[in-house]
Enquirer: 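Quick one: the structure is below, questions incoming.
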Amino acid sequence: MDRAQLFALSQYPLPHHGLSRLIGRVAECRTPWLKDRLIRRFIRTFDVDMSQAREPDPRAYPCFNDFFTRALRDDARPLGEGLVSPADGLLSQSGRLEDGTLVQAKGRHYSLTTLLGGDADRAAAFRGGSFATIYLSPRDYHRVHMPLDATLREMVYVPGRLFSVNLATAEHVPDLFARNERLVCFFDTPQGPLAMVLVGAMIVAAIETVWAGQITPLAGRIQSTRFDTPVELARGAEMGRFKLGSTVILCTAEPVAFRQDLQANASLVRMGQSLGELPGTPAAADQAERLPGTAD
């Protein structure tokens, strides 16, 4: 048994939610000497770049969570063409949704229907489309933004475990992203339906959205909210944030012609960076059959 497998297996007996809520309370602590020490140590340990933060002084943040979800300067993340990355992070997987499954890691697949909350009708709209999974490491910017102009249609909270979502765990825990607690947001866009899945993870104390505030934790059952009053969000606008952690999964109804230079588990992306083109956009014709980033 290698170290990665041992790390993954050691998480099964842990009290995921209790540990995460405890860390969440510490992260909200406003005692100056404690929160300053936590922030300084975190910056050193993970080599966090504060130069692009709207507030670069670590001592100016009232608590660790405010530092962790810090805003960036307005010019820090220019928007690229086509479908843009919703977050900073590692593009861990991307590809087509032809058989109703997504790639979790090499040799591991999981169900689209289960990921989106268990409703086959919701999932049917995305069969034949594409997906992209972006892992946010501790040092990354942790606000999540819109990859396209969109109108929110429905939000589904799905309870679950809180396994770590790093590569080691993804390689050894079956159905990881469909097993963890998550928030699924369904949007209508000019390029067709879009789903954004914000996946919880170990020590992720909460997920927030700009339209409803803090979403998790909730009672242990699937909860769906439909939006009859339109919530319209422009491409590049903030839609939510993680209070520690995690992973964002995009699902599109139309196939994406992903950029050829983006490779699974190798390409670091930034929020606003182009991931590829959807049908009907000017550059799509030149890339129509290119789908790099799909794991083998």
Enquirer: Thinking salt bridges, do R108 and D175 make one under a 4.0 Å N-O criterion?
Expert: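 Here R108 does not pair with D175 in a salt bridge, since their nearest N and O are not under 4.0 Å apart.
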
Enquirer: Which heavy atom of A253 sits nearest a heavy atom of A125, and at what distance?
Expert: CB-O, 3.2 Å

Enquirer: Could you check F186 against L116 for side-chain contact (heavy atoms from CB on, under 4.5 Å), going step by step and ending with a plain yes or no?
Expert: CA-CA 9 Å; F186 294 95; L116 299 183; 4.1 Å; yes

Enquirer: Under a 4.5 Å side-chain heavy-atom rule over Ile, Leu, Val, Met, Phe, Trp and Tyr, are F126 and L115 clustered together?
Expert: yes

Enquirer: Find out if a path of hydrophobic residues (ILVMFWY) with successive side-chain heavy-atom gaps under 4.5 Å connects F163 to L167.
Expert: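 No.
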
Enquirer: Please answer: with hydrophobic residues joined when any side-chain heavy atoms are less than 4.5 Å apart, are I222 and Y110 in the same cluster?
Expert: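 I222 clusters together with Y110.
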
Enquirer: When rounded to the nearest 0.5 angstrom, what is the spacing between CD1 in I249 and CZ in F177?
Expert: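 Output value for this atom pair is 5.5 Å.
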
Enquirer: Taking C-beta and beyond as the side chain, do R30 and D66 meet within less than 4.5 Å on heavy atoms?
Expert: yes

Enquirer: Is there a path of hydrophobic side-chain contacts, each under 4.5 Å between heavy atoms of I, L, V, M, F, W or Y residues, that connects M196 with V256?
Expert: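 Yes, M196 connects to V256 through the hydrophobic network.
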
Enquirer: Could you walk me through whether D74 and R54 satisfy the salt bridge (charged side-chain N to carboxylate O under 4.0 Å, His left out) test, starting with their C-alpha distance in whole Å, then the side-chain angles of each, then the deciding distance to 0.1 Å, before giving a yes or no?
Expert: CA-CA 8 Å; D74 292 340; R54 187 176 297 168; 3.2 Å; yes

Enquirer: Do any N or O atoms from the side chain of S94 and from the backbone of A132 form a donor-acceptor pair under 3.5 angstrom?
Expert: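 No.
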
Enquirer: Considering all heavy atoms of both residues, which atom of F258 and which atom of S130 are nearest to each other, and what is their separation?
Expert: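 Between these two residues, the closest heavy atoms are CE1-CB, 4.0 Å.
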
Enquirer: Below 4.5 Å, heavy atoms only, C-beta onward: do P193 and R153 meet side chain to side chain?
Expert: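 When only atoms from C-beta onward are counted, R153 and P193 do touch, with a gap below 4.5 Å.
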
Enquirer: Is the backbone of Y61 close enough, under 3.5 Å, to the side chain of K35 for a donor and an acceptor to pair up by distance?
Expert: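 Answer holds: yes.
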
Enquirer: Taking the side chain as everything from C-beta on, heavy atoms only, tell me whether M239 gets closer than 4.5 Å to W211.
Expert: yes

Enquirer: Between atom CG of D119 and atom OG1 of T114, what is the distance when rounded to the nearest 0.5 Å?
Expert: 11.5 Å

Enquirer: Taking the side chain from T169 and the backbone from V165, do they hold a donor-acceptor pair closer than 3.5 Å?
Expert: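 Judged by distance alone, no pair lies under 3.5 Å.
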
Enquirer: Using side-chain contact (heavy atoms from CB on, under 4.5 Å), reason through Q273 and S267 one step at a time and then give a plain yes or no.
Expert: CA-CA 12 Å; Q273 178 179 336; S267 296; over 6 Å; no

Enquirer: Does a side-chain heavy-atom distance below 4.5 Å link Y141 with Q52?
Expert: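 Not touching, per the 4.5 Å side-chain cut-off.
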
Enquirer: Treating R59 as the side-chain partner and D57 as the backbone partner, does any N or O pair qualify as donor plus acceptor under 3.5 Å?
Expert: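 No, the answer is negative, given that no donor and acceptor are paired below the 3.5 Å cut-off.
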
Enquirer: Rounded to the nearest 0.5 Å, what separation is found between the CZ atom of R25 and the CG atom of N65?
Expert: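 If we round to the nearest 0.5 Å, R25:CZ and N65:CG are 13.5 Å apart.
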
Enquirer: Please name the pair of heavy atoms, one in F242 and one in V248, separated by the smallest distance, quoted to 0.1 Å.
Expert: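 The answer is CE1-CG2, 3.8 Å.
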
Enquirer: Can you measure from CG (D149) to OG1 (T189) and round to the nearest 0.5 angstrom?
Expert: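 D149 atom CG to T189 atom OG1 measures 8.5 Å (nearest 0.5 Å).
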
Enquirer: Check for a donor-acceptor pair, side chain of D36 on one end and backbone N or O of W33 on the other, with a separation under 3.5 Å.
Expert: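 Answer holds: no.
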
Enquirer: CG/D188 to CG/L148 distance, rounded to the nearest 0.5 angstrom?
Expert: 12.0 Å

Enquirer: For A201 and N180, work out which heavy atoms get closest and say how close.
Expert: CA-ND2, 3.9 Å

Enquirer: Given 3.5 Å as the limit, does a donor-acceptor pair link the side chain of Q104 with the main chain of L176, or not?
Expert: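 Yes.
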
Enquirer: Looking at R70 and E55, is any side-chain nitrogen of the basic one under 4.0 Å from a carboxylate oxygen of the acidic one?
Expert: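 Salt bridge: no.
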
Enquirer: Over all heavy atoms of both residues, which pair between A53 and R73 is shortest? Give the atoms and the distance, please.
Expert: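 A53 and R73 have their closest heavy atoms at O-CG, 3.8 Å.
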
Enquirer: Would a single hydrophobic cluster contain both L194 and L183, if residues Ile, Leu, Val, Met, Phe, Trp and Tyr are joined by side-chain heavy-atom contacts under 4.5 Å?
Expert: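 Yes; L194 is reachable from L183 via cluster members.
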
Enquirer: Is the backbone of R161 close enough, under 3.5 Å, to the side chain of R179 for a donor and an acceptor to pair up by distance?
Expert: no

Enquirer: Would a 4.5 Å heavy-atom cut-off, applied to side chains only, mark L97 and R127 as touching?
Expert: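 Answer no - side chains too far apart.
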
Enquirer: As a quick check of understanding, evaluate side-chain hydrogen bond (donor to acceptor under 3.5 Å, both in side chains) for T252 and Q191, giving each step before the final call.
Expert: CA-CA 9 Å; T252 63; Q191 289 78 30; over 6 Å; no

Enquirer: For residues R143 and R241, determine if any side-chain heavy atom of one lies less than 4.5 Å from a side-chain heavy atom of the other.
Expert: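 The answer is yes, as the side chains (C-beta and beyond) meet within the 4.5 Å cut-off.
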
Enquirer: Nearest heavy-atom pair of L83 and P147: which atoms, and what distance?
Expert: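 L83 and P147 have their closest heavy atoms at CD1-CB, 3.7 Å.
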
Enquirer: Apply side-chain contact (heavy atoms from CB on, under 4.5 Å) to residues V231 and M155 and explain how you reach the verdict.
Expert: CA-CA 11 Å; V231 177; M155 179 177 73; over 6 Å; no

Enquirer: Verify, without hydrogens or angle tests, whether R77 (side chain) and R270 (backbone) share a donor-acceptor contact under 3.5 angstrom.
Expert: no

Enquirer: Counting C-beta onward and ignoring hydrogens, is there a side-chain heavy-atom pair between I207 and E181 closer than 4.5 Å?
Expert: no

Enquirer: With side chains defined as the heavy atoms from C-beta onward, is the minimum distance between H145 and L79 less than 4.5 Å?
Expert: no

Enquirer: Verify, without hydrogens or angle tests, whether R139 (side chain) and F46 (backbone) share a donor-acceptor contact under 3.5 angstrom.
Expert: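 Here the side-chain-to-backbone pair exists.
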
Enquirer: Could you measure the distance from the CZ atom of F42 to the CZ atom of F67? Nearest 0.5 Å is fine.
Expert: 5.5 Å

Enquirer: Could you please spell out the steps behind the side-chain contact (heavy atoms from CB on, under 4.5 Å) verdict for L152 and L233?
Expert: CA-CA 8 Å; L152 180 66; L233 295 167; 5.7 Å; no

